[in-house]
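Indexing begins at 1, ligand by ligand and atom by atom, following the structure's order.
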Amino acid sequence: MKQDEYYMRFAIELAKAGIGQTSPNPVVGAVVVKNGEIVGFGAHLKAGEPHAEVHALRMAGEKAKDATVYVTLEPCSHYGKTPPCADLLIETGVKRVIIATTDPNPLVAGKGIAKLRQAGIEVDVGILKQEADELNQVFFHYIATKTPFVTLKYASSLDGKIATKTGESKWITSEAARRDVHRHRQLHDAILVGVNTVIADNPSLTVRHVKGAKNPIRIILDTHLRTPLDANVVNDGEVETWIVVGSMVKEEKMAQYSGKHVRIIKMNQPKIVIDELLKVLGEKQITSLFVEGGAEVHGSFIEAKAVNQVIAYIAPKVIGGKDAPAPIGGSGFAQMADVMNLKIKSVETIGPDLKIVALPITD
Ligand SMILES: Nc1c(/N=C/[C@H](O)[C@H](O)[C@H](O)COP(=O)(O)O)[nH]c(=O)[nH]c1=O
């Protein structure tokens with residue numbers, strides 16, 4: 001008889017199928033086991049479509065009766081866009097439900113488990129909890145804060161430069177590393193850069209190296225509305241571009257962009273306050289934000305303590321020069337006691353480059 005962990009690991013792998021597709025819902029996987037045999041499995045693939053348990057139970061059919069169901073997130077017990085899974089599990093007559101982690105939403109946490117137990121179903125919680133929680137770090141953050149989970153990404157040389165002293169930066173990292181960046185882009189609801197990056201690089205900020213991927217919304221931080229009218233992000237019509245401006249920008253200046261594929265979001269203060277921005281984006285159901293620079297934008301997110309993950313691509317190149325820019329601008333920390341501390345989550349090589357993923361340590 002395989003252990004519970006074996007089946008839960010399969011459910012976690014299934015859940016990964018939905019990553020980048022289910023926003024603003026979590027990713028969930030479910031496996032139905034009867035007499036030591038897998039008789040059904042499924043994953044939640046898109047908000048508004050059936051939940052993982054529904055797919056798995058449908059596949060199991062009659063065999064679901066008296067079966068054991070493994071699910072990576074507590075079954076829902078409230079009517080969302082689809083009927084509650086806890087009720088379906090009860091009606092189906094399953095014998096046992098194994099849950100990796102409970103729902104982070106305080107409104108529903110534990111309710112699904114209680115409903116199942118009241119119906120006489122044996123419920124165990126916590127198998128592979130950590131792996132299951134990691135799957136939904138974005139969703140859990142968004143449910144708790146109603147603001148996007150922020151990943152800050154930069155590419156730098158071995159000596160920590162993001163461009164030469166003359167502003168050249170194409171390319172620091174390899175094609176393989178840049179393809180990896182596009183994979184991260186497609187997993188996000190929005191990408192954000194500062195207007196200086198638009199002026200310097202005229203980026204498209206679309207997902208190109210990944211087939212059939214959706215393009216995240218492009219967000220440009222542009223306090224004084226300096227985004228060039230002929231910029232790619234304003235004219236290519238590939239995906240919506242939101243330009244965030246300060247309160248002092250004049251209506252007639254904004255009118256120049258009408259007819260373009262852009263939406264101008266005017267903040268209620270002259271300068272863009274990151275915390276305010278994240279609240280506005282959260283209200284617009286942006287659950288994950290990929291901040292791609294430049295240095296001043298990175299500095300403002302770090303100073304606002306608004307970074308949930310850092311992804312750094314380090315190329316084996318030396319650019320040198322005291323005037324060549326480093327990844328994080330802004331005023332920086334004066335004392336070591338105040339610097340941002342992180343825990344390295346992973347280090348891997350991609351082609352000739354290093355990729356480091358680190359998570360800020362929130363004391
Ligand atoms: N210069 C480098 C980067 N530069 C990233 C820039 O900030 C900007 O996001 C790019 O110009 C993106 O352009 P597009 O969207 O692909 O058209 N990013 C990287 O990963 N490696 C580098 O070498």
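In this structure K165 satisfies the salt bridge (charged side-chain N to carboxylate O under 4.0 Å, His left out) test with no other residue, sequence neighbours excluded. Applying the side-chain contact (heavy atoms from CB on, under 4.5 Å) criterion to H224, with sequence neighbours excluded, gives R226. Every salt bridge (charged side-chain N to carboxylate O under 4.0 Å, His left out) that D133 has, sequence neighbours left out, goes to K129.
In this structure, ligand 1 sits under 4.0 Å from heavy atoms belonging to K153, A155, S169, K170, W171, I172, T173, R178, V181, H182, R185, T197, D201, P203, S204, L205, R208, E292.
Using a 30° and 60° split on the angle between ring planes, F149 and H141 fall in the perpendicular class, above 60°. Taking the six-membered ring where tryptophan is involved, the planes of H188 and F290 are tilted, since the angle between them lies from 30° to 60°.
Between D159 and K317 no salt bridge is recorded (no basic side-chain N to carboxylate O distance below 4.0 Å).
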